[in-house]
Amino acid sequence: MRIADVVLWGLSPTYDLRDHLDRTACPVAGGGLEHDEGGRYLSTSGYRNTCPD
């Protein structure tokens, strides 16, 4: 009988990313949506500045 290996993953980088999503996503995406994009893609909630300078 063979016993399988166990791999443990540290999840704290994932938690840090989730907790600080605004500081992480905006630089990676190159900024937030422009006003016309907000109306096109988020028509139900309207425009809002998602990545303030």
Side-chain angles (χ1 to χ4, degrees):
M1 179 162 89
R2 180 168 184 233
I3 298 175
D5 294 332
V6 174
V7 177
L8 300 177
W9 292 82
L11 296 177
S12 47
T14 305
Y15 299 143
D16 292 340
L17 176 65
R18 182 194 62 198
D19 292 340
H20 304 290
L21 193 56
D22 57 336
R23 290 188 298 208
T24 312
C26 290
V28 170
L33 296 175
E34 297 294 328
H35 195 277
D36 64 326
E37 293 172 321
R40 188 174 348 148
Y41 300 119
L42 305 172
S43 60
T44 58
S45 53
Y47 175 78
R48 65 180 198 179
N49 188 3
T50 53
C51 291
D53 295 331

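Please read all numbers here as calculations on a predicted model, not as lab measurements.
- Taking a 4.5 Å side-chain heavy-atom cut-off between Ile, Leu, Val, Met, Phe, Trp and Tyr, the cluster of Val6 extends to Leu8.
- Listed by chain and residue number, Arg40 satisfy the salt bridge (Lys or Arg N to Asp or Glu O under 4.0 Å) test with Asp36 (two or more places apart in sequence, or in another chain).
- Closest approach of Gly31 to Cys51, counting heavy atoms only: C-SG, 3.8 Å.
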